[in-house]
Amino acid sequence: KNHLFTFDPGFMSTASCKSSITYIDGEQGILLHRGYPIAELAEHADYLEVAYLLLFGERPDKTQYQDFIKLVRNHTLVHEQISRFFHGFRRDSHPMAVMCGVSGALAAFYHDALDINNVAHRELTAIRLLAKMPTLAAMCYKYSIGQPFMFPLNKLSYAGNFLYMMFATPCEPYEVNPVLERAMDRIFILHADHEQNASTSTVRTAASSGANPFACIAAGIASLWGPAHGGANEACIKMLEQIGSVDRIPEFIARAKDKNDPFRLMGFGHRVYKNYDPRAKVMRQTCYEVLQELNIQTPLFDVAMELERIALNDPYFIEHKLYPNVDFYSGIILKAIGIPVSMFTVIFALARTVGWIAHWKEMYNQGNIKIVRPRQLYVGHEQRVFTPIDKA
Ligand code: SDX
């Protein structure tokens with residue numbers, strides 16, 4: 001094997017599992033999906049082609065690609081009772097709270113294929129999740145603004161259908177803007193999978209107990225919600241809005257360095273990347289394209305660009321190897337497309353679902369799944385004598 005894949009023994013001792021889906025070299029800033037560089041996939045493939053690659057290990061040929069699209073389109077609708085399930089939530093609920101609830105509840109609607117030892121059930125559930133996540137995500141948004149749910153329009157692309165379900169209404173025709181469609185599809189690709197991140201590890205842990213796939217995905221969505229993980233794109237926009245103008249950046253840079261200040265620069269840093277996140281490079285370019293296409297001059301983007309320039313030249317960030325990550329630019333693109341900040345992590349969950357499913361499938365394909373059971377370093381009391389309290 002070439003140099004990319006020779007691990008030092010120390011690394012292998014910390015590896016939580018074996019996987020052939022995604023390879024990351026944090027020092028070099030390399031991200032491969034089944035051996036293909038993320039920049040190549042983002043440039044030349046679309047999300048469903050990347051989804052096929054993640055799920056089946058190889059890129060589809062033309063016939064396989066067309067058949068896969070047809071298969072996904074067969075499952076974009078959700079059970080009508082799910083619409084009523086939505087109506088149990090308050091309209092002002094955070095969309096991630098709704099997604100956590102709805103995704104776990106899918107096991108109550110699609111229980112005809114929940115035998116995890118049945119390959120046909122696993123394949124059907126995988127397609128159902130891939131196909132229905134855009135529909136459910138758009139329903140979260142429509143429900144929050146009091147508009148009627150839009151049924152999927154299967155003649156559209158995966159990303160185009162999502163934008164349609166988000167922004168179309170029964171009253172007017174809706175044309176998908178091809179630049180926004182491409183940007184949305186690229187955001188899906190850049191968030192599709194990322195090795196053993198917190199939410200993927202959560203899905204694998206849940207799967208190790210034999211939990212059904214909908215429960216595993218719900219666990220992954222819950223884990224993704226945190227601002228240190230998938231919630232960072234929402235937190236990053238709020239931070240840029242809080243900074244407000246370029247002249248206030250030094251104040252926030254100082255706070256980010258202050259160990260006594262819990263403030264962190266959202267969209268910066270990564271547990272694995274100690275070089276520029278290769279996804280952020282593509283996201284940055286896409287950001288330019290979208291803002292140019294929409295002719296948007298946004299102070300948010302000016303602040304983001306200046307913050308990046310300062311941070312990349314600041315000795316503290318250089319010493320701590322802190323670079324912009326995938327979430328730094330995605331929020332600006334989503335905001336430019338017209339997606340509310342509260343929906344940003346929902347979109348991350350939508351895109352990452354295929355990665356979570358790929359890892360879930362891989363565990364079953366590897367066979368003899370053993371339950372994940374980490375141990376601990378106990379630092380509590382030694383054994384003590386129990387003296388009952390006098391309750392008289
Ligand atoms: C995602 O794991 C994945 O793959 C995740 C993800 C995926 O696709 O699934 O890539 C998606 O979650 C990206 C990360 C999004 N989160 C954010 O942007 C939130 C802001 N970032 C930080 O919270 C932080 O960078 C983490 C949580 C992402 C990583 O934190 P770590 O593990 O502490 O990073 P580290 O050990 O490399 O930190 C080194 C030092 C530490 O200081 P010291 O204790 O060594 O003095 O850098 C500091 C950290 O405190 N640091 C930061 C910082 N991130 C790390 N200081 C200021 N601002 C930051 N953003």
Side-chain angles (χ1 to χ4, degrees), residues 14-17 19 21-27 29-33 38 41-42 50 54 96 186-204 219-240 242-243 249-283 304 307-308 310-312 314-332 344-345 347-356 358-359:
T14 60
S16 61
C17 64
S19 176
I21 299 170
T22 291
Y23 174 76
I24 299 174
D25 180 326
E27 293 301 327
I30 292 172
L31 168 56
L32 308 177
H33 288 321
I38 188 64
L41 293 171
V50 174
L54 291 172
M96 277 299 279
R186 201 169 280 171
I187 284 183
F188 289 163
I189 291 172
L190 295 173
H191 287 85
D193 188 57
H194 209 243
E195 202 219 56
Q196 302 307 321
N197 58 86
S199 54
T200 300
S201 303
T202 302
V203 169
R204 290 183 78 112
I221 291 175
S223 170
L224 185 76
W225 196 356
H229 188 16
N233 50 20
E234 177 177 350
C236 182
I237 288 294
K238 287 179 177 165
M239 175 192 74
L240 293 173
Q242 186 189 1
I243 294 173
I249 290 175
E251 170 196 335
F252 286 85
I253 293 272
R255 286 189 57 194
K257 297 178 193 174
D258 177 356
K259 285 298 162 207
N260 300 317
D261 187 331
F263 174 78
R264 287 283 175 274
L265 277 185
M266 293 290 110
F268 272 82
H270 199 279
R271 176 60 62 81
V272 176
Y273 287 123
K274 301 310 168 193
N275 197 322
Y276 212 104
D277 182 337
R279 300 168 299 175
K281 282 182 187 163
V282 181
M283 203 69 90
L307 176 59
E308 180 195 42
I310 295 174
L312 291 182
D314 183 290
Y316 173 89
F317 288 87
I318 293 168
E319 181 205 334
H320 286 78
K321 299 184 177 180
L322 296 177
Y323 294 88
N325 59 44
V326 68
D327 294 301
F328 187 64
Y329 286 99
S330 59
I332 298 166
F344 286 8
T345 312
I347 286 166
F348 194 149
L350 185 177
R352 183 56 55 92
T353 293
V354 73
W356 290 332
H359 283 269

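Every number for a ligand or one of its atoms is a count from 1 in the order of the listing. When reading the values below, keep in mind they use all heavy atoms of this one structure, side chains included, and skip hydrogens, waters and symmetry mates.
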### Query
What residue and atom, counting heavy atoms only, is the protein's closest point to atom 48 (C) of ligand 1, and at what distance?
Y316 OH, 4.1 Å
### Task
Looking only at distances, please establish whether an N/O atom of ligand 1 is found under 3.5 Å from an N/O atom of L265.
yes
### Message
Give me the residue, atom name and distance of the protein heavy atom closest to atom 22 (C) of ligand 1.
### Response
F268 O, 3.9 Å
### Query
At under 4.0 Å between heavy atoms, which part of R352 makes contact with ligand 1: side chain, backbone, both or neither?
side chain
### From the candidates S201, G269, A280, the one that places a heavy atom nearest atom 28 (C) of ligand 1
G269
### Message
Is it the case that ligand 1 has an N or O less than 3.5 angstrom from some N or O of A228?
### Response
yes
### Message
Please report whether ligand 1 has a polar contact with M266, defined as an N or O pair separated by less than 3.5 Å (distance criterion only).
### Response
no
### Task
With heavy atoms of N197 as the reference, note each atom of ligand 1 found under 4.0 Å away.
2 (O), 3 (C), 4 (O), 5 (C), 9 (O)
### Task
Please tell me if the side chains of F188 and V50 come closer than 4.5 Å, counting only heavy atoms from C-beta onward.
no
### Message
Side chain or backbone, does G267 bring an N or O within less than 3.5 Å of an N or O on ligand 1?
### Response
yes
### Query
Between N325 (side chain) and G267 (backbone), is there a donor-acceptor pair under 3.5 Å?
yes
### Task
Check for a donor-acceptor pair, side chain of N233 on one end and backbone N or O of D327 on the other, with a separation under 3.5 Å.
no
### Task
If you have a sec, work out which protein heavy atom is nearest atom 17 (C) of ligand 1 and how many Å separate them, to one decimal?
A232 CB, 3.4 Å
### Query
Can you tell me if K259 has a non-hydrogen atom under 4.0 Å from ligand 1?
yes
### Task
Tell me which part of P227 gets within contact of ligand 1: side chain, backbone, both or neither, using heavy atoms under 4.0 Å.
backbone
### Query
Considering only protein heavy atoms, which is closest to atom 14 (C) of ligand 1, and at what distance to one decimal place?
N325 ND2, 3.6 Å
### Summary
For atom 12 (O) of ligand 1, the closest protein heavy atom turns out to be H229 ND1, 3.0 Å
### Message
With the threshold set at under 4.0 angstrom, would you say R279 reaches ligand 1 through any of its heavy atoms?
### Response
yes
### Query
Where does the angle between the aromatic ring planes of H194 and H270 fall among parallel (under 30°), tilted (30 to 60°) and perpendicular (over 60°)?
perpendicular
### Query
For the residue pair F348 and H229, does the interplanar ring angle fall in the parallel (under 30°), tilted (30 to 60°) or perpendicular (over 60°) class?
perpendicular
#### Entry: Test item: T202 side-chain N/O and A198 main-chain N/O as donor-acceptor pair under 3.5 Å
yes
### Within-shell test, V272 vs ligand 1, heavy atom, strictly < 4.0 Å
no
#### Entry: Under 4.0 Å to a heavy atom of A256 - the qualifying atoms of ligand 1, by number
56 (N), 57 (C)
### Query
Between I38 and L190, is any pair of side-chain heavy atoms under 4.5 Å apart?
yes
### Task
List in chain and number order the residues that pass salt bridge (charged side-chain N to carboxylate O under 4.0 Å, His left out) with E251, two or more places apart in sequence or in another chain; answer none if no residue qualifies.
R248
### Query
If you draw a 6.0 Å radius around CZ in R271, do more than 12 non-hydrogen atoms from other residues or ligands fall strictly inside?
no
### Which residues share a side chain to side chain donor-acceptor pair (under 3.5 Å) with R204, sequence neighbours left out
H359, E362
### Query
Should F317 and L265 count as side-chain neighbours, where that means a heavy-atom distance under 4.5 Å?
yes
### Query
S201 side chain to Q196 main-chain N or O, any donor-acceptor pair under 3.5 Å?
yes
### Task
Using distance alone, determine whether D277 and ligand 1 share an N or O pair under 3.5 Å.
no
### Query
How close does the nearest protein non-hydrogen atom get to atom 59 (C) of ligand 1, and which residue and atom is it?
R264 CD, 3.5 Å
### Sub-4.0 Å heavy-atom approach of S199 to ligand 1
no
### Task
Could you check atom 4 (O) of ligand 1 against the protein and tell me its nearest heavy-atom contact, residue, atom and distance included?
H194 ND1, 2.5 Å
## Note on the structure
atom 6 (C) of ligand 1: of R271, M239, E319, H270, the nearest heavy atom sits on H270
#### Entry: ligand 1-proximal atoms of D327, by part, heavy-atom distance under 4.0 Å
side chain
### Query
If you measure from each non-hydrogen atom of H320 to ligand 1, which part falls under 4.0 Å: side chain, backbone, both or neither?
side chain
### Message
Looking at ligand 1, would K321 count as a contact under a 4.0 Å heavy-atom criterion?
### Response
no
### Query
Quick one: does ligand 1 sit under 4.0 Å from the side chain of K274, the backbone, both or neither, non-hydrogen atoms only?
side chain
#### Entry: ligand 1-proximal atoms of L322, by part, heavy-atom distance under 4.0 Å
side chain
